[in-house]
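Note that the structure is a prediction, hence the values are computed from the model and not measured. In what follows, chains are A, B, ... by sequence order, proteins preceding strands, each numbered from 1.
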There are 2 protein chains.
Amino acid sequence: MAVTIKDVAKKAGVSPSTVSRVLSNHPRISAQTSHKVKEIMEQLGYHPNIMAKSLVSKTTESICIILPKPAEELFSNLFFMELIRGIVTQANRSGFDVLISSGANEKEEVEAVARLLKGRRVDGAILLYSRKDDPVIEFLHQNDYPFVVIGRSEDYDDVLSVDTDNVQASYDATKHLITMGHERIGFVSGPPNLTVSQDRLKGYQNALADANLEMRQEWIVEGEFVQDSGYRAMSFIMSLPNRPTALVVVDDMVSFGILRGLHELNFKVPDDVCLVSFNNITMAELSSPPISSIDIGIYQLGYTASQLLIQNIQNNGDTIYQTRQIIPHRLMIRESSMLSLPKR
Amino acid sequence: MAVTIKDVAKKAGVSPSTVSRVLSNHPRISAQTSHKVKEIMEQLGYHPNIMAKSLVSKTTESICIILPKPAEELFSNLFFMELIRGIVTQANRSGFDVLISSGANEKEEVEAVARLLKGRRVDGAILLYSRKDDPVIEFLHQNDYPFVVIGRSEDYDDVLSVDTDNVQASYDATKHLITMGHERIGFVSGPPNLTVSQDRLKGYQNALADANLEMRQEWIVEGEFVQDSGYRAMSFIMSLPNRPTALVVVDDMVSFGILRGLHELNFKVPDDVCLVSFNNITMAELSSPPISSIDIGIYQLGYTASQLLIQNIQNNGDTIYQTRQIIPHRLMIRESSMLSLPKR
DNA sequence: ATGAAAGCGCTAACAG
DNA sequence: CTGTTAGCGCTTTCAT
């Protein structure tokens, strides 16, 4: 049997409530008793039963992360791990535990979230990305549970979210290529139902428009956030009669696929084609050639999301800060885009 | 106020205990009442309060993963994410939740684990890797808490663990190079205090010994599980007068560093040097050239660890299975080791 | 097959 | 400043 508050109370010659008060640093407690009780807790190896505390206080000091099933394929694991690290680090600093959950499909995801939130096992949730018509967001929003979306919700505009300014980021990436002298620039996108794909496409288009450059539908290819997708996009684009001299690519992982394909076809980067992509995962720097990439501060995204959620929980749902937080991005220029006057 | 067991009981015209019995599929309950109660639960949107249940049942149906702080630097994030995916998937299938925790240092790690286990928030723990004299293992072992180590413990041999047969795996990798005609083979290792480094070094040495090949201390370089480490190791090895024609590398990430370095020095892989490494992360296949790698089934390691832990928890600590589980590995041969007669 | 009652370990009024 | 009391929502004997 584990040692309880009663055991401590008995041994210290005080009442259980006193011990409880010591535990929560109640102001009206004599320094003396506090000290004595703490000593005895130490001595007995007392650890408060979190479940019991949570039962009466109606707060769990924990949050959950929903790992969307399809995401496993959509995004690189690197991306998620970095996000999770950020979340866990800040949550732990705030004294919160982090629970990770996933479902085999959307229905299971909602069930898992419902069980966790309705069952009062966690106080709030972080969604690792937003898709259109997401039933999980629907559920959380409807039941008024605290939650934060990494990305943005198209369906509701009052949800807390942490995001990159993807339109601007993509504008910057494209602008960089334009500055380097490129006039025919293509875009390799992700799944069109993700807001991130849409936003990045838009930034690209804005940049071209501002520079009065030609825009061609055939220079825009949609795919997934995986390497194969890049490979296929590359084959298509490079077979065009009047092909781009540079590409803006929605994700580093996709760039790797492109790089591999170009290599096989004996195209050189940056000599024949220049590349800029997004997310700046560790590997971007290490590939040959190193890939220019927009660093979106993935860790920071996670860290901030956790912070926002926990503040919201602690303020009891009163939003005393911005609903939507933007994490700054930064273009990391590397060899893949270092050729200012491309061959044709 | 959330709907409780009482609300359901009242509406169904039964006692709370009956509702509880329905919830846990108690055998002696009439199909009729069971059905009616379930209907009302559905209707009211009832979800059992997990904390309350846990408080009385003294079981939490959840486990925790300890993310060791230094690991963030030691291993690639890819590795961990894959492990976590395996753990979370199987745990969820068994009806368990997974809590993730980390500490800034060893002391904090132990505190976190103590709080979680002693505070009865989780039933057991999974350690993502084992180092020598680990205070967390010490704590768990001493207090007789259920836990599983991914890797192996040198300090105790009765701890549950899931591991790769790293000696054999490394033997296989080395043997492969020998079969391809190499006679001078080097080894780029990880931190010497990790069992995985030691085991892989041993397998390499065994293979050389069995083939009567020369072993030179200068062909063995220690480092970390990061790219830079590979870069440095490469510079050293390639500057040797009588340098190896092939390398066994402790981790794919390190191989990337080596690859980058070789590229800068204008060495070609596999023409000048052949490479085989470990872990077979997604990127191994995508680099140029693709890297031969030992697939150790990371996801499977996580999945099995979770299974082992949960079985142990459910059997109340009685070990009715092997203490140490080995996940099979598989050599994936790719271009980086495809040259059978190396130049000298 | 079901109900009544006790209690898991803790917190939170309400008294003093 | 501290003790007493009454639950939080659930499970579990012990009756019936």
Side-chain angles (χ1 to χ4, degrees), chain A residues 1-38 40-41 44-62 95 115-123 316, chain B residues 1-38 40-41 44-62 95 114-123:
Chain A
M1 202 69 266
V3 24
T4 77
I5 219 172
K6 276 189 188 169
D7 302 324
V8 177
K10 197 178 294 172
K11 183 139 186 184
V14 296
S15 79
S17 28
T18 301
V19 178
S20 171
R21 283 188 260 257
V22 170
L23 228 42
S24 49
N25 285 313
H26 192 101
R28 289 193 306 239
I29 206 88
S30 86
Q32 206 180 17
T33 359
S34 168
H35 186 74
K36 188 173 70 187
V37 168
K38 276 180 181 158
I40 295 195
M41 294 196 310
L44 259 41
Y46 169 78
H47 279 257
N49 183 314
I50 310 181
M51 298 303 190
K53 170 178 173 150
S54 158
L55 181 58
V56 33
S57 71
K58 276 160 178 15
T59 145
T60 65
E61 315 252 284
S62 44
R115 193 177 54 79
L116 258 23
L117 272 305
K118 293 221 165 197
R120 287 208 143 71
R121 191 193 206 67
V122 301
D123 297 334
N316 202 25
Chain B
M1 201 69 264
V3 24
T4 78
I5 221 173
K6 275 190 189 169
D7 303 323
V8 177
K10 196 178 296 172
K11 183 139 186 183
V14 296
S15 79
S17 21
T18 302
V19 178
S20 171
R21 282 189 260 256
V22 170
L23 228 41
S24 50
N25 286 314
H26 192 100
R28 287 193 308 239
I29 207 87
S30 88
Q32 207 179 17
T33 14
S34 168
H35 186 75
K36 189 174 68 188
V37 168
K38 276 179 182 158
I40 295 197
M41 292 195 312
L44 259 42
Y46 169 77
H47 279 257
N49 183 313
I50 311 180
M51 300 302 189
K53 169 178 174 154
S54 161
L55 180 57
V56 34
S57 71
K58 279 164 176 10
T59 147
T60 65
E61 316 252 284
S62 45
R115 194 177 54 80
L116 258 22
L117 272 304
K118 294 222 165 194
R120 287 208 143 71
R121 192 194 204 66
V122 300
D123 297 334

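With sequence neighbours excluded, the residues satisfying side-chain contact (heavy atoms from CB on, under 4.5 Å) with A:Lys58 are A:Arg120, B:Met1. With sequence neighbours excluded, the residues forming a salt bridge (charged side-chain N to carboxylate O under 4.0 Å, His left out) with B:Arg115 are A:Asp97, listed by chain and number. Residues forming a side-chain contact (heavy atoms from CB on, under 4.5 Å) with B:Ser24 (at least two apart in sequence, or on another chain): none.
No donor-acceptor distance shorter than 3.5 angstrom exists from the side chain of A:Asp123 to the backbone of A:Thr59, with no hydrogens or angles considered. A donor-acceptor pair under 3.5 Å is formed between the side chain of B:Ser57 and the backbone N or O of B:Lys53.
Between the side chains of A:Ser17 and A:Ser20, no donor N or O sits under 3.5 Å from an acceptor N or O. Checked by atom type, the side-chain pair B:Ser54/A:Arg121 shows no donor-acceptor distance below 3.5 Å.
End-to-end axis angle of the helix from C:dA1-D:dT16 to C:dG16-D:dC1, using five pairs per end and rounding to 10°, comes to 30°.
Protein chain A contacts DNA chain C over a range whose 5' and 3' limits, counting nucleotides with an atom under 4.0 angstrom from a non-hydrogen atom, are C:dG9 to C:dA13.
With a 6.0 Å radius and a threshold of 12 heavy atoms from other residues, nucleotides or ligands, A:His26 has its NE2 atom above the threshold.
Nucleic acid contact class of A:Thr33 (heavy atoms, under 4.0 Å, all strands): sugar-phosphate only.
Between the CE atom of A:Met41 and the CG atom of A:Leu23 there is a distance of 5.5 Å, given to the nearest 0.5 Å. Separating the CD1 atom in A:Ile40 from the NZ atom in A:Lys10 is a distance of 12.5 Å, to the nearest 0.5 Å.
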Mark up nucleotides 8-16 of chain D, 5' to 3', with B wherever a protein heavy atom is under 4.0 angstrom from a base atom, S wherever such an atom reaches only the sugar-phosphate, and - elsewhere.
BBBBBB---

